[in-house]
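Beneath this line is the structure, given in structure tokens, with notes to follow.
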Amino acid sequence: MKLIGMSREEVKEAFRNGEFTIAVYGMGKMGLPLAAVFADHGANVIGVDINEKVVEAINRGKNHINEEPGLDELVKRNVEAGRLRATTDGVWAAKRADVMVILVPTLTDERGNMKLEPVYDVAEKISRGLEKGDIVITEATMPPGTTESLVPILEKSGLKLGEFGLAHAPERTMTGTAIRDITGQYPKIVGASDEKTLEAVIGIYETINRKGVIPMSSIKAAEAVKVFEGVYRDVNIALANELAMWCEEHGLDALEVFKAANTQPYCHLHMPGAGVGGHCIPVYPWFVINLARKTNPRLTKTAREINDSMPHHVVELTVKALNSVGKPLKGSSILVLGLTFRGGVREFMKAAAKPIIEELKEWGAKVYAYDPLCTREDAERFGAEWKEDFKDVDAVIITADHKEFKELDLERITEEMRTRIIVDGRNVIDPQKAKKVGFVYVRVGLV
Ligand SMILES: NC(=O)C1=CN([C@@H]2O[C@H](COP(=O)(O)OP(=O)(O)OC[C@H]3O[C@@H](n4cnc5c(N)ncnc54)[C@H](O)[C@@H]3O)[C@@H](O)[C@H]2O)C=CC1
Ligand SMILES: CC(=O)N[C@@H]1[C@@H](OP(=O)(O)OP(=O)(O)OC[C@H]2O[C@@H](n3ccc(=O)[nH]c3=O)[C@H](O)[C@@H]2O)O[C@H](C(=O)O)[C@@H](O)[C@@H]1O
């Protein structure tokens, strides 16, 4: 059933009656939850992935994304009901689908230079199955202007834009809360190539999202929304880091000051820490920087520089803490807690642990690492030795806010450690509790 020309209410009715098919390309942390939610609301859904193991697992009703509460049941229920299936054949899926959603990785290098091959690969496959009246939606985050750059590829189908619809509806969620976010934590942002496509896409997302849809005036505006959300976060984290380092100089506890300042509704000071990692927040600013021709995004660039300097600052805090008890960094045993970029997700892109481990080793420290979501091989890949206890450790550096680190048994740890130093790069330990059992406790913004 072709949706272009239908009202949003007619689309919703057709959605609930399973009268059209949606293909979701990319069965990962974002794509599989979305596909399962679409199916759970009545659509016929085809998940497309190049990973045969992922496809095979889904067709057995199995969810392969460990970090998503509720997804196991959602996948199982909808595969058993025959509403959700998966394939590696992206052309076959496009031939059967009326709506095609692109949610494959839009990875970049550390300077935000896009690697859009997965997106172009999917667009090429869609072009070989695109039919008049179909709608192509990009949900993967991409630099403003990228969605429309797919038009020449899609028009290889022989159709002209207008005979098919194009839209961008950015994925405003994060691993660990994807189902909650997709179904209504925030309104869905949508920009489309024409009014009829916009109307149909609004109907699609109003079906699954309780918070409704914010229609944008263009596809590029919709892409910019998602990117700006990320830039806002990166710049505000940099402000928190800069003010926290000022607090260190002036003997203040930054978090005490920030918490009080944030009681003012116009103040939203973020959390200072060991740095900004992930595929998103440290990357989206580069979309703005790299696309600036006449403007000079000085603030955006400076924020990136500040955040990328935080791992080094954490090493400086460690050196000072060791010196305060008469120990040089050279020869000390340091346990880095956290290899992932944040707690709760096994992703390593721009994780603070990597530069911290490298610099500690340059200074001649013996470096160990542990992360509840990682393996010995991960630690060795980072250049550290895997260690699951605190024996003979001089300092612990926390670089990811895993739940396990919030519940550390400080009393037990003091008995094992050689020197009792905690450098809390993610503000997960209570300073008073740490000091009470004899730790030298420092964090970004409190020395
Ligand atoms: N992970 C997150 O917290 C968020 C991610 N996003 C965006 O969502 C998009 C996807 O990210 P994730 O789901 O986290 O990635 P992921 O790495 O978890 O999953 C990507 C999936 O796509 C598959 N794939 C790769 N190339 C393919 C191709 N050519 N054809 C079909 N499948 C292909 C992979 O096999 C993998 O299963 C990215 O653009 C990201 O920016 C947006 C918001 C949050
Ligand atoms: C604006 C926003 O909140 N974006 C979220 C973000 O999720 P992501 O998984 O990247 O985690 P995050 O909480 O932003 O953390 C990113 C990095 O920044 C650090 N971080 C985070 C918040 C803070 O106040 N201080 C700080 O130092 C974290 O430790 C981490 O290293 O990026 C996601 C994305 O865009 O993919 C987005 O969907 C999520 O909602």
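Remember, it's 1-based here, ligands and their atoms both numbered in the order they're listed. Please read all numbers here as calculations on a predicted model, not as lab measurements.
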Out of [options], whose heavy atom sits nearest [atom]?
{"atom": "atom 3 (O) of ligand 1", "options": "V48, V24, T175", "answer": "T175"}
{"atom": "atom 20 (C) of ligand 1", "options": "P118, A123, P105", "answer": "P105"}
{"atom": "atom 32 (N) of ligand 1", "options": "V55, I102, D181, V104", "answer": "V104"}
{"atom": "atom 18 (O) of ligand 2", "options": "V276, T177, N241, T106", "answer": "V276"}
{"atom": "atom 32 (O) of ligand 2", "options": "C280, A140, G338", "answer": "C280"}
{"atom": "atom 7 (C) of ligand 1", "options": "T141, D49, V345", "answer": "T141"}

Quick one: does [X] get an N or O within less than 3.5 Å of an N or O on ligand 2?
{"X": "H270", "value": "no"}
{"X": "K226", "value": "yes"}
{"X": "G230", "value": "no"}
{"X": "I237", "value": "no"}

Enumerated ligand 2 atoms positioned under 4.0 Å from heavy atoms of [X]:
{"X": "R426", "answer": "27 (O), 29 (O), 31 (O)"}
{"X": "R233", "answer": "1 (C), 2 (C), 3 (O), 4 (N), 12 (P), 13 (O), 14 (O), 21 (C), 22 (C)"}
{"X": "G275", "answer": "19 (C), 27 (O), 31 (O)"}

Would a distance-only check, ignoring hydrogens and angles, find a side-chain to backbone donor-acceptor pair under 3.5 Å from [X] to [Y]?
{"X": "R83", "Y": "N78", "result": "no"}
{"X": "N209", "Y": "P187", "result": "no"}
{"X": "E248", "Y": "V444", "result": "no"}
{"X": "E68", "Y": "T177", "result": "yes"}

Side chain, backbone, both or neither: the part of [X] lying under 4.0 Å from ligand 2 by heavy atom:
{"X": "H279", "answer": "neither"}
{"X": "M271", "answer": "both"}
{"X": "Y284", "answer": "side chain"}
{"X": "T173", "answer": "backbone"}

Minimum-distance protein heavy atom relative to atom 8 (P) of ligand 2: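 Ranking protein heavy atoms by distance from atom 8 (P) of ligand 2, first comes R342 NE, 3.7 Å.
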
Quick one: look up the protein heavy atom nearest atom 5 (C) of ligand 1 and list residue, atom name and how far away it is.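 That would be M30 CG, 3.4 Å.
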
Assess G273 for proximity to ligand 2: is some non-hydrogen atom of it under 4.0 Å away? no

Give a yes/no verdict on whether any heavy atom in G278 is under 4.0 Å from an atom of ligand 2. no

With the threshold set at 4.0 Å, does a side-chain nitrogen-carboxylate oxygen contact exist between [X] and [Y]?
{"X": "E229", "Y": "R233", "result": "no"}
{"X": "R304", "Y": "D234", "result": "yes"}
{"X": "D109", "Y": "K115", "result": "no"}

Could you go step by step and tell me if T21 and I46 meet the side chain to side chain contact (heavy atoms under 4.5 Å, CB included) rule? CA-CA 7 Å; T21 300; I46 304 171; 3.9 Å; yes

With nothing but distance in play, are any N or O atoms of N51 less than 3.5 Å from an N or O of ligand 1?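 No; the residue has no nitrogen or oxygen that sits under 3.5 Å from a nitrogen or oxygen of the ligand.
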
L103 N/O to ligand 1 N/O under 3.5 Å: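 L103 vs ligand 1: no N/O contact under 3.5 Å.
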
Verify whether the ring centers belonging to [X] and [Y] lie closer than 6.0 Å.
{"X": "Y284", "Y": "F228", "result": "no"}
{"X": "F15", "Y": "F20", "result": "yes"}
{"X": "W386", "Y": "Y370", "result": "yes"}

Please determine if K435 forms a cation-pi arrangement with Y441, meaning its NZ or CZ atom is less than 6.0 Å from the six-membered ring centre and no more than 45° off the ring axis.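 Verdict for Y441: no cation-pi partner in K435.
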
Could you check whether K211 makes a cation-pi contact with Y186, meaning its NZ or CZ is under 6.0 Å from the centre of the six-membered ring and within 45° of the ring axis? no

Structural part of T106 in contact with ligand 1, heavy atom criterion under 4.0 angstrom: both

Any heavy atom of M174 closer to ligand 1 than 4.0 angstrom? yes

Report yes or no: does a heavy atom of T173 sit under 4.0 Å from some atom of ligand 1? yes

Using a distance-only test with no angle check, is there a side-chain donor-acceptor pair under 3.5 angstrom linking T108 and H279?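 No - no donor-acceptor pair under 3.5 Å links their side chains.
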
Does L255 reach the side chain of P272, with side-chain heavy atoms less than 4.5 Å apart? yes

